[in-house]
Participant: 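Before we start, here is the structure in question, set down as C-alpha cells.
Naming convention: chains lettered A, B, ... in sequence-line order (proteins, then strands); numbering from 1 in each chain. All values below come from the heavy atoms of this structure, side chains included, with hydrogens, waters and symmetry mates left out.
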Amino acid sequence: MSTAGETYYDRKGLLGTLGRDGLIQIILIANTVIMLAPIVIMVFSAFKTNAEIFQSPFSIPDFTHFGNLLKIWTQTNFLRYLFNSVVVTGSAMVLILVLGTMAAYAIARYEFWGASFILMFFLAGLTLPLKLAIIPLFILMRDLGILNNQLSLILVYVAMGLPTTVFILTGFIRTLPNELEDAARMDGASELRIMWSVILPLVRPAMVIAAIQNVVPIWNDFFFPLIFIQNDDLKTLPQGLTSFMGEYTTDWGVLFSGLTLSAAPIIVIYIFLSRQFINGMTAGAVK
Amino acid sequence: MWITALLVPPLAFVALFIVYPIVSAFAYAFFDWNGLARGEFVGLDNFFKVLFTEPYAGWTRNAFGHNVQVFFALMVLQNGMGFLLAYCLWRGLPGARFHRVAVFLPVVLSTIIVGYLFKLFLHPMFGVVNVSLKAIGLGFLAQPWLGQSSTALWSLIVANTWHMVGFPTLVFLAGMQRIPGEVLDAVRMETESEWVKVSKIVWPLVAPSATVVFTLLFVGAFNWFEIPYVMVGLDGSPYGSTDVLGLYFYRTAFGNQSGATQDFGAGSALAVLIFVFVAVVAGIITVKLRAREIQL
Amino acid sequence: MKKRNLLRLGAALGGLLVALPALSQELTFWSWRQEDKAVYQQLIDTFQAENPGITIKLEAFEAANYNTILSTALAGGTGPDLMMVRAFGAMESIAGAGYLMPLSPENVPELANFSPAAVAAETMRSDKKTYAVPFASQTQFVLYNKAIFDQNGLKEPQTWDEFIALAEALKAKGIIPFANGTATAWQNETIVGALVSSIMGRGFYDDLIAGKADFTDPRYTEALSKLKDISAYFPDGFIGLDYPSAQQLFSSGMAAMFAGGSYEIANFRAQNKDIQLGVFAAPGKTAEDEKLVAIYFDGGYAANAKTAHPEAALKFLNYVASKKFGQVFANSLNNISTVPGVTFDDPLLGEVAQLNEHSIPYLMLVHFRYAEPSGSVLLQGEVQKLLDNKTTPAEVGKALTEGLATWYEPFKK
C-alpha cells in the first residue's frame, strides 16, 4: 500500500481496520435483514393459521400445513392468472425482441438521413410516462375493439418496451466490427441472411439484457390490466392478486399464501439469475 | 427498401401506441366530455377548472404538495441510503456478493405485492409492527399507521423505500466501480480521510449515476400510483392526506364510487399539466446534472 | 319434379333462416353483485323457462369499478341490453346521456304500484322520466350479535344514554362494543346515517330539504358531536382499521355491534354461518324521540335505449317488477325488495322492513351526489378529520355547507 508516512490504518492498527470495516458490515447485515425480513415473514405466515399469525408473527411455522396454499391453488383463479401473465409477458417479449432488433440493426448499421432523428424518436418514448395518456389509449383500444382482450396489453407493452430495447441494442450493435458483414456481403449473401446468421448470434448477450429489463416491469404491471381488462378469466397475476385479497380478507394465512405464491415465480428466477437481472435492470441507467 | 422494411413495424408501434395517445391526450383536454362521449370544444376551460376553480384547485394543490413531499423524502431516504449502501458494498468485504443479491430482491417484486404486504404489517391490531412493539414493551408507540394523517404518508414512503432502494444502490455501485484505480491510489497518497475521499472524489465521479437516479426518482415520485392505491385507496384516505396526483388523476378521469361523475375533460387537463411539468423539470434536472459530469 | 322439391326445400330453409333470429334472442345483462351470481342465474333460468327463445347472459363486475365500466361500454356502443344501474345522481349521469330506455306504467304496468319514493329514486329530475325498475332499498342502522347480548343480559337501548351505558358494559367485560373502523372512506358516511339519524331528527331533515336549514344547524352539529362521543367505543386504533378488518371483528364475535347497512346481513352470514343477528335503530336523546334509520334505494334494472331487442328487454323488466321475482330476491339475497306485496320469510328482514317505516333518507347519497364536490366525499373526509381530533363538529358543518354551496342552490347565499 502506501509508503508515504503513517496512514490512518497503521496508526490505529488492527482495531482501526476492524472499526471501519466492522461498521460497514454492520450496516450491510442490518440492511440485508431489513430487506429479507418482510419476505421471510410473508412466507412463514403462509403456513400459519390466523391465531398463530396474530400471536407469534415471527415464529417458525409448521411447514407441512399446506392448507392455505392449497386453497389459493385450487379455489381461486390463481393458475389462470399465472397462465395469463405468462402468455402476455411472453408474447410481448417476443415481439419486443424481434422488432427491437430490426430497428436497432437498421439504425446502427445503415448510414441514412434521419437515423439520429429516429433514434431520438425512440429515446423520447423512454421518458414519456404513458400512464398519463391512458384516456386516449383506452379510447383507441375501444375503437380497435380489443378492450377486455389481452391483445390490448400486449400491444401497449411492446410499444413501451421498444425504446429501451432499441437503445440498448443499437449501442451494442455499433460496437460490433463491420468485417464479418462485409465478408458475408462479398460472398453474395442477402441482407436478410446476413442479419439472421451473422448479427443475431452476436447480439444475443444484449438481447438477454433487454429481455430482462423488460420482463420484470411487464410481469409486475398492474395499471394497464386494471384499465383494460375486466373479465376475471383474462386478468394477469398482479391484478388477480387484488381479487383474492378481497375474497379472503378475514383469513390472513390465506392472504399471505396468496402473496407468497404470487411472488414465488419471480423470486425463484431472480435467485438463479441474479447477476443477469442486476445487469439487465440497471443497463441503460449505467452508461 | 430493406431499411424501410426493418424500421416501419417498430416505428408504427411506437407511433400508434405512444405518440398518438400522448398527442391525443393533449387534444382531449380542450373538450367537454359527457362520460366518454366527446362534447364541444371548450378551449382552456378544463385547465382553468383544474387549476383555479374550487374544489378542484384545492385538490390539485393538496395532491401536488404531497408529491413534492414524497419526492424530497425519497431523495433523502431512498437515494441517500442507496449511496451509503453502494459505498459499503464497494469495499468488497466478505459477503458483499450475498448482500448485493439481497438488496435488489425487493425491487423485482410487484408493487402490488409490496403494497399489500406492508398494509398487512401495518394493521393496527394484528399487524406485525404493532404486535412486536407491544411485545417488547413499546406498546405506546403502536399507532393506526395508515389511519392518521401524521403517519399515513410516511408509511407509504417507507414502503416505497424498502421496495426500491436496491435500484439506486446498484446504479451507484456500478458508477463507483468505474472509477479508475489510478485515481483512487493517488487519493490514498494525499489523504487518509474517508470523508474527503468520498465527498471530493467519489461523489463527483459518480455524477452520471446520480443524474440517472435523481431523474428517475423525480419522474417516479410525481407519477406515484400503485402503492397509494393499494395501501390507502383512491381517496387518499385519511381525508386526502395521502392524496397524490396519480390517484387524483385516476379518480377524476375514471370516477370514484362515492363521487358524482367522471370528468374526462378535467382528467385529461390534469394529465397534460402533470406531463408538461414532469417533462420540463426532468429535462432541466438532466441538463444541469449532465453539466456536472466529469468525463475522465 | 326434383327441381320443384328442391325449390320448396330452399324456400323452407330460407324462411327458417329469416325466422331464426326472431326465435332465439340473446340479451346481455350486467350486474355489480358478483356475490349474488348464483341466485341471479336461478332467476334468469326461471324467466327463460317461461320465455322460450330469449336467453339472458349474465356478467358480473366488481362493484367499485362498475360505474366506470358501464359508462365506458355505453359510450363505446358496446353496452349491455339490460343492466343494473345505481340510483339518484349516479343514475342521472347515465340516463342524462340518453343511454337508457324510458319506462312508465305503460310499458311496465307494475311500476304504478311501487312506492313513490322508490320510483323517484330512479326518475331523472330534469325530464321526470323513470329509467329503471328499483330492486332494493338499503337501510343504515345498528346490527348486533344476539348471542353476546343474551349472554350479558343486554337489551336494545331506548335512549342515547342507555346506548352509551350498553357500550360501557360491553367494554367492561372485555368485548369490543363496536367493530367499526374508519380507514375506508365510505364507512365514515355509513356511521353517520346509522348512529345519529335519530339525534338529528326528522325535523332537521324536513327543514334541510325545504331549504330552511343547512349543515351548520345545531341539530346536525349535535349529531356529529354525539358521533364523536360514541367513537370512544370503537376498537383501538380504529382510524387505521379498514372495512374488511372491521367486518372481520364483528363476524368473528370479537365485537358486539356494527353500525352499517342492511347489505351487511348477507355478508356477515356468509362470513360466519352461525352468527345470530339482531338489528335496531340507534336511539334519540329521549325515549319519545322517533327512532330513525337512514334509508336509500340501491339501484334498479334498466334497458339500453339502443338495444336490438326492445320487446324482449321489456319482457324481462316486467318480470323483475313482478312479485314472483321480488319474493325470490328477498328470500335468497337477504335484501328488502321494493316490489310491492313482497313478504319476508326471514324474520330479520321483517324487522328491517318494520324499522323502515320510521326513516329519513340517507342524506348525502340521496340528495348530494349530483355534482362535484359530492356531499358524500366531503362528509367522509370531514368525519375522518373529526374522529382524528383535527376538527370540531361546528367546523365540519361549515365545511359541508360551503363545499356544497358551489353547486347546491339553496346553500348559496
Participant: Could you look at B/S149 and say if it's the side chain, the backbone, both or neither that has a heavy atom under 4.5 Å from chain C?
Facilitator: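 It is both, since atoms from each part get that close.
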Participant: Report the residue from B/V244, B/V70, B/V281, B/V68 that forms a side chain to side chain contact (heavy atoms under 4.5 Å, CB included) with B/F222.
Facilitator: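 With B/F222 as partner, B/V244, B/V70, B/V281, B/V68 yield a single side chain to side chain contact (heavy atoms under 4.5 Å, CB included), made by B/V68.
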Participant: If you tally heavy-atom pairs under 4.5 Å against chain C, which of B/P238, B/G236, B/G147 wins?
Facilitator: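 Between B/P238, B/G236, B/G147, the count favours B/G147.
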Participant: Below 4.5 Å from any heavy atom of chain B, which atoms of C/D242 appear? Answer side chain, backbone, both or neither.
Facilitator: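 For C/D242, the contact with chain B is made by the side chain alone.
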Participant: Check B/D263, B/D235, B/D243 against B/R251 for a salt bridge (charged side-chain N to carboxylate O under 4.0 Å, His left out) and give me the one that passes.
Facilitator: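 Exactly one option meets the salt bridge (charged side-chain N to carboxylate O under 4.0 Å, His left out) with B/R251, and it is B/D243.
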Participant: Chain C heavy atoms under 4.5 Å from B/Q148: which part of the residue, side chain, backbone, both or neither?
Facilitator: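 Both backbone and side chain.
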Participant: With a 3.5 Å cut-off and no angle check, do the side chains of C/S251 and C/Q247 form a donor-acceptor pair?
Facilitator: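 Result is no, nothing qualifies.
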Participant: Can you tell me if B/W145 and B/N130 form a side-chain donor-acceptor pair at under 3.5 Å?
Facilitator: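 Distance-only check passes for B/W145 and B/N130.
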Participant: Between C/D236, C/T184, C/L249, which shows the greatest number of heavy-atom pairs under 4.5 Å with chain B?
Facilitator: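 It is C/L249.
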Participant: Whether C/R86 engages the ring of C/F297 as a cation-pi pair (distance to the six-membered ring centre under 6.0 angstrom, angle to the ring normal within 45°) should be assessed.
Facilitator: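 No; the conditions do not both hold, so C/R86 does not lie above the ring face of C/F297.
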Participant: Is it the backbone or the side chain of C/I176 that comes under 4.5 Å from a heavy atom of chain B, or both, or neither?
Facilitator: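 For C/I176, the side chain is the part near chain B, not the backbone.
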